[in-house]
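I am attaching a structure below and will ask some questions about it afterwards.
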Number of protein chains: 2
Amino acid sequence: MSNKIPPIERCDCDVIHEEIVRQVKKKMPPEETLYDLAELFKVFGDSTRIKILWALDEAEICVCDIAYLLNMTQSAISHQLRILKNANLVKSRKEGKVVFYSLNDEHVKQIFEQGLVHISEENS
Amino acid sequence: MSNKIPPIERCDCDVIHEEIVRQVKKKMPPEETLYDLAELFKVFGDSTRIKILWALDEAEICVCDIAYLLNMTQSAISHQLRILKNANLVKSRKEGKVVFYSLNDEHVKQIFEQGLVHISEENS
DNA sequence: ACAACGTATGAACGATTGCTCAATCGTTCA
DNA sequence: TGAACGATTGAGCAATCGTTCATACGTTGT
């Protein structure tokens, strides 16, 4: 993304670890993939969106019901739903004036589960 | 976190969906859990930290090697490592002047894998 | 004791984020 | 047609974030 001049001067200690660094660098996925991965987790990194996703995992729900459920304004929810839609995590279906949202990825719950495992191990 | 007065007035459409909302509300994990989950994913939501975690999944690496690997300043890396340590994702081991970091959670890679599955499905 | 070096930290900054508010769009129904 | 209503959108704002810079800490070797 940025193309500034590399300002980093190699320090002394890693002359020893040269080989390790070289191998790790080789095994790392491409820059773009890691960036996309971060972008995806950024979407999960907000409790409002987490709640929306969790709710949508239970049922298809319209915008105003989500707003009611989370005790937030329709506008706030709509903004967040747009982010979730851009990330291809949810899809929408219009029925008259009402727009119903539902999950667009069956892996969401699995990602959550892994996260919960980490949290539960954290408190032990 | 915030305790302002609930400003939400139930809209008309969801009189029909009353029961669904009630059930979803009952099935949702406690507020605090969802908040912690968001906090965890927030940590993953930065490409620098993603790269660090990915690197540490390959090997135990010292701060200056990570900095060299990612072409960033030691300071920037150190700041990010602190965040990762606070989230219990990495642990450190001191050897003289050098501090080695390594993963503290074997689920990190699994969470990444799930994320990658979503991304790969996105482009199809 | 002092210099050198790897690391950590706090202030400061530009950038981004999540919400509110007001306005608008699209559909329904009288 | 126009009022009502659900949903969307854009501007604006406070708050948060990620980096840089300067500085301090801790260890090593002289």
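Proteins come first, then strands; the chains are lettered A, B, ... in the order of their sequence lines, and each starts at number 1. The analysis underlying the following values was restricted to heavy atoms, covering all of them including side chains, and did not include hydrogens, waters or symmetry mates. Not measured: the values here are computed from a predicted model.
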Could you give the CG-to-P distance, from A/Asn86 to D/dT9, as a whole number of Å? 9 Å
Closer than 3.5 angstrom, by distance alone: can the side chain of A/His118 be matched with the main-chain N or O of B/Ala87 as a donor-acceptor pair? yes
d(CZ, B/Phe100; P, C/dA8) in whole Å: 12 Å
Tell me: CD1 of B/Ile66 to P of D/dT19, nearest whole Å? 13 Å
Determine yes or no for a side-chain-to-main-chain donor-acceptor pair under 3.5 angstrom, with A/Lys94 supplying the side chain and A/Phe100 the backbone. no
A/Gln80 side chain near A/Met72 side chain, heavy-atom distance below 4.5 Å: no
Could you check whether the rings of A/Phe112 and B/Phe41 sit parallel, tilted or perpendicular, using 30° and 60° as the cut-offs? tilted
Nearest to the side chain of A/Lys94, heavy atoms from C-beta on, is which of C/dT7, C/dC19, C/dG26? C/dG26
To the nearest angstrom, the CZ-P distance between A/Arg93 and C/dG26 comes to 20 Å
Is there a donor N/O on one and an acceptor N/O on the other, under 3.5 Å, for the side chain of A/Ser75 and the base of C/dC21? yes
Between B/Phe41 (CZ) and C/dG18 (P), how many Å, whole number? 15 Å
Classify the nucleic acid contact of B/Tyr101 as base, sugar-phosphate or nothing, counting any heavy atom under 4.0 Å across all strands shown. sugar-phosphate
In whole Å, I'd like the distance from the CD1 atom of A/Ile50 to the C1' atom of C/dT17. 16 Å
Out of C/dG26, D/dT8, C/dC19, which nucleotide sits closest to the side chain of A/Ser78? D/dT8
Under the criterion side chain to side chain contact (heavy atoms under 4.5 Å, CB included), I'd like the reasoning laid out for B/Ile52 against B/Ile77: C-alpha separation, chi angles, the key distance, then a yes or no. CA-CA 8 Å; B/Ile52 293 175; B/Ile77 298 299; 4.3 Å; yes
Take the protein atom CG of A/Leu81 and the nucleotide atom P of C/dG18, then report the distance between them rounded to whole Å. 13 Å
Would you tell me if any nitrogen or oxygen in the side chain of A/Arg49 comes within less than 4.0 Å of OP1 or OP2 on C/dG18? yes
Any donor-acceptor N/O pair under 3.5 Å between D/dT20 base and B/His79 side chain: yes
Complementary nucleotide of D/dG18, counting Watson-Crick and G-U pairs under 3.5 Å: C/dC13
In whole angstroms, how far is the C1' atom of D/dT9 from the CD1 atom of A/Ile77? 16 Å
Would you say C/dA8 has OP1 or OP2 under 4.0 Å from some side-chain N or O of B/Arg82? no
At under 4.0 Å, does any side-chain N or O of B/Gln74 touch on OP1 or OP2 of C/dG6? no
Can you work out whether A/Ala76 or A/Lys42 has the more 5'-proximal nearest nucleotide on DNA chain C? A/Lys42
Let's see if you can work this out: which of C/dA8, D/dT20, C/dC19 has an atom nearest to the side-chain heavy atoms of B/Val99? C/dA8
Testing D/dA7, C/dT7, C/dC5 for proximity to the side chain of B/Lys97, the answer is C/dC5
